[in-house]
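Side chains are part of it too, since the values below use all heavy atoms of this structure and drop only hydrogens, waters and symmetry mates. Just so we're clear, the structure is a prediction, and the values are computed from it rather than from any experiment. Residue numbers begin at 1 in each chain, while the letters A, B, ... track the order of the sequences.
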Amino acid sequence: MDRRVRVRFAPSPTGPLHIGGVRTALYNYLFAHKHGGDFLIRIEDTDQTRFVPGAEEYIIESLKWLGIEASEGIGFGDGKHAPYRQSERKPMYRDFAMQLIASGHAYYAFDTAEELDAMRDRLKASNVDAKYDAITRGTMKNSLTLSEDEVKRRLDNGDTYVVRFKLPRKEEVKFEDEIRGWVSFNTNQMDDKVLYKSDGMPTYHLANVVDDYLMQISHVIRGEEWLPSAPLHVLLYRAFGWENVMPKFAHLPLLLKPEGNGKLSKRDGDRLGFPVFPLNWIDPNTQELSSGYREAGYLPEAVVNLLAFLGWNPGTQQELFTLEELVQAFSLDRVSKSGAKFDQNKAKWFNQQYVRQLSDEALAPVLFKALEQAELNNSFNEEFVRKVCSLVKEKISFTKEIWEYSKYFFITPKEYDEQVIKKKWTDKTPQLLTDLITDFEQLTIFTQETIETAYQKALAKNEIQGKDFLQLFRVILTGVAGGPPLFEIAALIGKSESITRLKQALTTISK
RNA sequence: GGCCCGUUCGUCUAUCGGUUAGGACAAAAGAUUUUCAUUCUUUAAAGAGGGGUUCGAUUCCCCUACGGGCUACCA
């Protein structure tokens, strides 16, 4: 029975979208496109107490920035299964909960929080697993223990209640995970999960199963943290009689902290110096800023690429992939089972690869923006800026670094790398600089070649080895010890600026 | 604690019973670029431990250890 592939990414709007969530979205997207199917976004906002304003918009903006576009759902135009926000689907979940009660798969429970606590304390004290299960349910206030009349009375009276799943006793639940193979759980380790809350909202368990069924989801691709509740979901499909259209499950390995312990969390990013969020996020309550990949200077293509490789690989030597290439190469059976630690170095390397692929035209606006901030944007034309970009491009890993690495093209250096001055400046240097100035002044054509010829001539005259002077010359012209080919820099900043800088060095530098 | 999942170089990973266990990032060394933050070359670096199964195990099974996840009227 070949079904149309339909997958979903179902985040809850409780804060910024974590990078692990982004990867889940990406894998769903890749899988859908690979099989010519649909990828939809559903917002799981059944916990009203955890709603965070702006989170939903943040999630959508993040996915759009990365090019992970959905074919239907929140943020991408509703399809025929609207609404895609669970809070807006609220009325229907009650019917499904009632259906389960009617068929004997669920029951009403009237226990208060205090009574639940008391039960747990009591069981813990006697060293027994504290859970609402096949055994304890007989001691609690629910429609299994209360008389029919009493239940009716409470319901009519408007008493608050939840609906709990009536877990079959001691049953082995097996399912084949697309990534892990067969996994099995025994219901005696599980508890009667709440399906329908006293506030009239379903829990994740009910809502997710009902919606996946109604939206004809063929594959549930989600994080490993869901693996323990998967058997409950399987049982729910059975209870509803939907087992024949139950989606296949694929539980993704988690993204771990770089130092090894625990899954990557919100706090890690800024502590370790790399983002764990796609975009900057300011907490609406605390005003605390969490940094994002976009603002940190990552290119979306690089983020997609590096994320794809955290937990998956194509089995070939190729590492650089466009989104479209990833779609072609992706398959669930090449997703690994074990958690992946985030590697900042590799992330940087990925970004560097994409920065280099950027055209000068694409990079120029970034530099122009920096020039604007330095109020220098009117002093340089676009052609000049582009040439700077082409020279500096391969020296940077992040686009935002370009200003720092190219400042001296626009501003005459005021400070010089002291170590180089200390090491390379000699008594012979002033005379050499004087000769260099004279020679440069005589040049009518100021290009890389003519500059180099004049440079060699002055060196020979002063009996100085190129090795001993080139780096010093660089520092004199740029202020810093490293950079693109020096004579190209000189040619680009031009004859008069080069001479100005030599003269300045002559008068301001001494050992 | 219980249950579940996992375990190959420091990191991401390849290997689907037979390989000198391969690649990439990072590291180290060297070369070139008369600078280096580019490039090139080279080096170092791994099957958690113990039992099986097998002619042969990194690969299959079991145990232990370790890591992680879950254990709410949160998702």
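Counting to the nearest Å, the C1' atom of C25(B) and the CG atom of N313(A) are 15 Å from each other. Rounding to whole angstrom units, CD of residue Q419(A) and C1' of C36(B) are separated by 14 Å. U71(B) atom C1' lies 14 Å from atom CG of D192(A), rounded to whole Å. Spacing between atom CD of Q471(A) and atom P of U35(B) amounts to 8 Å, rounded to whole angstrom units. With rounding to whole Å, L477(A) atom CG is found 17 Å from C36(B) atom P. As rounded to whole Å, 11 Å separates atom P of A75(B) from atom CG of L206(A). The NE2 atom of H233(A) sits 14 Å away from the P atom of C70(B) (whole-angstrom rounding). Atom CZ in R164(A) sits about 10 Å away from atom P in A72(B), given to the nearest Å.
Salt-bridge formation is not detected for the pair E404(A)/K395(A): no Lys NZ or Arg NE/NH1/NH2 atom is positioned less than 4.0 Å from an Asp or Glu carboxylate oxygen. One finds no salt bridge joining K174(A) and E172(A) here, because no Lys/Arg side-chain nitrogen approaches an Asp/Glu carboxylate oxygen to under 4.0 Å. Checked for salt-bridge contact, D211(A) and R89(A) meet the test: a charged N lies under 4.0 Å from a carboxylate O. Salt bridge absent: K124(A) and D129(A) never bring a charged side-chain N and a carboxylate O closer than 4.0 Å. Remark: K341(A) does not engage D343(A) in a salt bridge, criterion side-chain N to carboxylate O under 4.0 Å.
The aromatic rings of F274(A) and F342(A) sit parallel, their planes meeting at an angle under 30°, below the 60° perpendicular limit. By the 30° and 60° cut-offs, the orientation of the rings of F249(A) relative to H251(A) is parallel.
Less than 4.0 Å separates RNA chain B from at least one heavy atom of each of the following residues of residues 43-60 of chain A: E44(A), T46(A), D47(A), R50(A).
Nucleotides U58(B) and G52(B) have their P atoms positioned 14 Å apart, rounded to a whole Å. A27(B) and G10(B): their P atoms are spaced 16 Å apart (whole Å). Atom name P, nucleotides U59(B) and A48(B): the rounded distance is 8 Å, in whole Å. Across the P atoms, U41(B) and A24(B) are found 9 Å apart, a figure rounded to whole Å. Nucleotides G47(B) and C9(B) are separated by 10 Å at their C1' atoms, to the nearest Å. If you take atom C1' in A28(B) and the same atom in A45(B), they sit 11 Å apart, rounded to whole Å. On the C1' atoms, C70(B) is 29 Å away from G50(B), given to the nearest whole Å. Rounded to whole Å, the C1' atom of C63(B) lies 35 Å from the corresponding atom of A44(B).
Two residues are said to be in side-chain contact when any heavy atoms from C-beta on lie closer than 4.5 Å; W281(A) and L17(A) fail this criterion.
Pair assignment for U15(B) gives none, since no Watson-Crick or G-U wobble pairing has each distance under 3.5 Å. Using the Watson-Crick or G-U wobble rule with both distances under 3.5 Å, G67(B) pairs with C5(B). The partner of U43(B), taking Watson-Crick or G-U wobble pairs whose two distances both stay under 3.5 Å, is A27(B). In this structure A21(B) sits in no base pair that meets the Watson-Crick or G-U test at under 3.5 Å. Using N1 to N3 plus N6-O4 or O6-N4 for Watson-Crick, or N1-O2 and O6-N3 for G-U wobble, each under 3.5 Å, A57(B) pairs with nothing.
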Revision key, fill the gap. In 5'-to-3' order, the base (B), backbone-only (S) or no-contact (-) status of each nucleotide in nucleotides 3-12 of chain B, using a 4.0 angstrom heavy-atom cut-off, is SSBSS---BS

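Mapped onto RNA chain B by nearest heavy atom, G483(A) and L254(A) fall at different nucleotides, with G483(A) at the one closer to the 5' end. If you find the closest nucleotide of RNA chain B to Q456(A) and to P202(A), the one lying nearer the 5' end belongs to Q456(A).
In this structure, R23(A) satisfies the cation-pi test against Y27(A), with its NZ or CZ atom closer than 6.0 Å to the six-membered ring centre and inside 45 degrees of the ring normal. Taking the ring centre of F110(A) as origin, the terminal cationic atom of R154(A) falls inside the region bounded by 6.0 Å and 45° from the ring axis.
Within the nucleic acid shown, R222(A) has no heavy atom closer than 4.0 Å to any nucleic acid atom. Among the heavy atoms of the strands lying under 4.0 Å from P485(A) is at least one base atom, whether or not backbone atoms are also near. Base contact: S198(A) has a heavy atom under 4.0 Å from a base atom. Counting non-hydrogen atoms under 4.0 angstrom, N188(A) reaches nothing in the nucleic acid. Residue contacts shown for L470(A) include a base, since a base heavy atom lies under 4.0 Å away.
If you check A75(B), G22(B), U34(B) against the side chain of T203(A), the one that comes closest is A75(B).
For the side chain to side chain donor-acceptor pair (under 3.5 Å) criterion with R137(A), the lone passing option out of D111(A), D192(A), D191(A) is D192(A).
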Heteroatom pairs (N/O) under 3.5 angstrom, protein to nucleotides 38-40 of chain B:
unit_1	atom_1	unit_2	atom_2	d
U38(B)	O3'	R356(A)	NH1	3.4
U38(B)	O3'	R356(A)	NH2	3.3
U38(B)	O2'	E394(A)	OE2	3.1
U39(B)	OP1	R356(A)	NH1	2.8

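In terms of the side-chain contact (heavy atoms from CB on, under 4.5 Å) criterion, residue partners of E452(A) (sequence neighbours excluded) are, by chain and number, Q456(A), F487(A). Annotation: side chain to side chain donor-acceptor pair (under 3.5 Å) contacts of N28(A) (sequence neighbours excluded): none. Every residue two or more places apart in sequence or in another chain that forms a salt bridge (charged side-chain N to carboxylate O under 4.0 Å, His left out) with R50(A) is listed here: D47(A).
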